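Okay, so here's the structure we're looking at.
Computed from a predicted structure; not experimentally measured.
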Amino acid sequence: MSAAGTLSGGAAGLSGLLRLRRRAAPAPAIAAPSLHPAGTIKCTAVPDAAPIVWGRQLRPALLLPAALLPSSQPAKKHNLRPAAAAAESAGEAKGFLEKYPALVTGFFFFMWYFLNVIFNILNKKIYNYFPYPYFVSLIHLVVGVAYCLVGWSVGLPKRAPINANLLKLLFPVALCHGIGHVTSNVSFAAVAVSFAHTIKALEPFFSAAATQFILGQQVPLSLWMSLAPVVIGVSMASLTELSFNWTGFINAMISNISFTYRSIYSKKAMTDMDSTNVYAYISIIALIVCIPPAIIFEGPQLMSHGFSDAIAKVGLTKFVSDLVLVGLFYHLYNQIATNTLERVAPLTHAVGNVLKRVFVIGFSIVVFGNKISTQTGIGTSIAIAGVALYSYIKAKIEEEKRKKSA
C-alpha cells in the first residue's frame, strides 16, 4: 500500500500548469514592445510556424498584457481545452491536501489504529486454540512478503533497486523488526492483550532514551518528567494484573527496546527509497531471520500434535483462513505505521503508538471480557494521562521552535 502523495494548491496548481506550458514549448525570443509617441506599438511579429502550445500558435494577442494591446484589437478570451481544465481541477484537488497536511497524517494514524485493533483481536483468538507464537509470527511475515511480491509484480509500487550498501542499512532494521515482532507475539500469547499493551506503553520512554543517548539529540527535562506517570502507571498495572507472568512481561519489554531501535534505524534508512519499499525489504529479511527460531522452538511440537489439534478444534478451512487474514492485517497495519513514521519524528511516532494502545486495550477488554483489578485500571489510566501530558508538552516545544525559525 503506497503512501498518499502530498498535493499542491488550487492557485498553485494553475501556476504549475503555466510552468508546464513553458517547459513543454518555450516561446521564441520576442523583442520587447515599445510605445511610440503616437501611441502605436512596435513588436516583432510571430511567424505562422511558431511553436504550438495546447494546439494554439503563439500570437501577440496571447503574449502581450491587455494594457499594451491597441484599442482597436481588444484582448481575446481563450478557453482552455478540456485536458487543461482537467489538469487545473486536479491541481485544485491536490492543493487542498497540501494546504492541510495534518489531514493526511491524521488519516494515516486512523488507519494504523483501526488495522491494529482488528489484528490484535484476531491474533489473540488464534492463540486461544493454537498457542504457537513463533510459527504464527512466521506466518505474519510470509503473508506480508507474498503481498509485497504481488505488489511489485504489478508495479504497485515499483520495486526500488537494492545494493550492498542499502542491505547494510536495512539489516539492523529488519533484525530489530523480527525480534520485536516475535517477542510481541510471545507476550500476547502469554498474557491478556490489554496487559501486553499496557507494558508496551513504555515505548516512548525507551524512544526518548535512544533519541538522547544514541542519536545524540537533547530531550528536554520537561519531556522526561512527563514520562514519569507512564512508568508509574505501568508499574501499578503490572503489580495487580490477573494474567501477569514473567514470560509475557519480559518479552513485552524486549519488544519495546527492539521496536524503538527499529524506528530509529528506519528513519536513517529512508534516505534512498520510499517507505513502502523499505518495509517490503525489511519484511523479506525479517522472514529469513525468524525461520530458524520457529523451527527450533516449536517445530517438533507442531509436527507431532500442534497442527492436528488446531484442525480438530476449528477445522482446516477456518485455521488456514485465520492465519492468512491475521497475516494480511499485520502487514497492512505495519505498512501504514511505516508510512506514518516517514511523515513524523521518531518520538511523535512513539507517542502515536501509545495512543493506539488505548484503542486496543479498550476493544480487547470488551471483546474478550478480560477482568482487570481496580489498581490495574488506575495504573493504566495514569499511564495514558502521562502520554497525554507528554504529547501536549512536545507539541508546545515544537510550536516554539517553529516560531523561532519563522
Side-chain angles (χ1 to χ4, degrees), residues 105-106 109-110 112-113 116-117 120 180 184 187-188 191-215 217-244 248-264 337 340-341 344-366 370 372-401:
T105 303
F109 272 98
F110 170 77
W112 178 22
Y113 291 5
N116 189 260
V117 167
N120 276 275
S184 287
S187 178
F188 291 145
V191 298
V193 173
S194 57
F195 179 55
H197 278 282
T198 300
I199 301 171
K200 288 167 71 65
L202 285 171
E203 191 172 320
F205 176 82
F206 291 101
S207 182
T211 298
Q212 179 151 332
F213 301 114
I214 303 299
L215 297 181
Q217 300 173 4
Q218 186 67 30
V219 177
L221 179 61
S222 58
L223 283 178
W224 282 114
M225 295 299 293
S226 68
L227 288 170
V230 181
V231 177
I232 294 172
V234 171
S235 301
M236 288 181 59
S238 301
L239 290 174
T240 56
E241 170 59 37
L242 300 178
S243 68
F244 179 89
F249 181 82
I250 292 173
N251 277 276
M253 294 296 284
I254 295 174
S255 175
N256 281 338
I257 298 172
S258 299
F259 285 148
T260 294
Y261 279 94
R262 182 191 67 176
S263 295
I264 292 173
T340 306
L341 173 62
V344 297
L347 276 174
T348 304
H349 187 266
V351 173
N353 201 21
V354 174
L355 294 177
K356 172 204 67 181
R357 303 195 194 287
V358 177
F359 292 89
V360 175
I361 290 170
F363 277 101
S364 66
I365 291 174
V366 172
N370 297 333
I372 60 174
S373 66
T374 302
Q375 182 171 322
T376 298
I378 294 173
T380 301
S381 300
I382 291 175
I384 298 305
V387 171
L389 178 62
Y390 175 93
S391 302
Y392 175 77
I393 293 175
K394 183 167 179 60
K396 294 290 289 183
I397 292 175
E398 290 179 347
E399 182 63 26
E400 290 175 1
K401 288 182 180 178

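Ser255 contributes no side-chain N or O that, together with a main-chain N or O of Asn251, makes up a donor-acceptor pair within less than 3.5 Å. At least one donor-acceptor pair under 3.5 Å links the side chain of Asn256 to the backbone N or O of Ile199.
The aromatic rings of Tyr113 and Phe109 sit perpendicular to each other, their planes meeting at more than 60°, with 30° as the lower class boundary.
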Worked check of side chain to side chain contact (heavy atoms under 4.5 Å, CB included) between Phe205 and Val231 | CA-CA 8 Å; Phe205 176 82; Val231 177; 4.1 Å; yes
So Asn120 and His197, side chain to side chain contact (heavy atoms under 4.5 Å, CB included) or not? Walk me through it.
-> CA-CA 10 Å; Asn120 276 275; His197 278 282; 2.8 Å; yes
Worked verdict on Met253 versus Leu202 for side chain to side chain contact (heavy atoms under 4.5 Å, CB included) = CA-CA 8 Å; Met253 294 296 284; Leu202 285 171; 3.9 Å; yes
Given the rule in the side chain to side chain contact (heavy atoms under 4.5 Å, CB included) test, do Gln212 and Gln218 qualify, once you have shown the distances and angles that lead to the verdict?
-> CA-CA 5 Å; Gln212 179 151 332; Gln218 186 67 30; 3.7 Å; yes
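The shortest non-hydrogen separation linking Lys200 to Ser184 is NZ-OG, 3.1 Å. Closest of all the heavy-atom pairs between Ala252 and Ser187 is CB-OG, 3.5 Å. Of all the heavy atoms in Thr260 and Ala210, the pair that sits closest is CG2-CB, 3.7 Å. Ile372 and Gly377 get closest at one heavy-atom pair: CD1-CA, 4.1 Å. Heavy atoms only, all atoms of each residue included: Ala383 and Val230 are closest at O-CG2, 3.6 Å. Smallest separation of non-hydrogen atoms from Thr376 and Ala237: OG1-O, 3.3 Å.
Residues meeting the ring pair (Phe, Tyr, Trp, His ring centres under 6.0 Å) test with Phe363, sequence neighbours left out: none. With sequence neighbours excluded, the residues that form a ring pair (Phe, Tyr, Trp, His ring centres under 6.0 Å) with Phe244 are Phe195, Trp246, Phe249. For Phe259, the ring pair (Phe, Tyr, Trp, His ring centres under 6.0 Å) test picks out no residue, with sequence neighbours left out.
One distance of note links OG of Ser226 with CD1 of Ile393; it measures 4.5 Å at 0.5 Å rounding. With rounding to the nearest 0.5 angstrom, the CG atom of Leu215 is 4.5 Å from the CD1 atom of Ile264. Put simply, CD1 on Ile382 and CD1 on Ile232 are 7.5 Å apart, with the number rounded to the nearest 0.5 Å.
Surrounding OH of Tyr261 are at most 12 heavy atoms belonging to other residues, nucleotides or ligands under 6.0 Å away.
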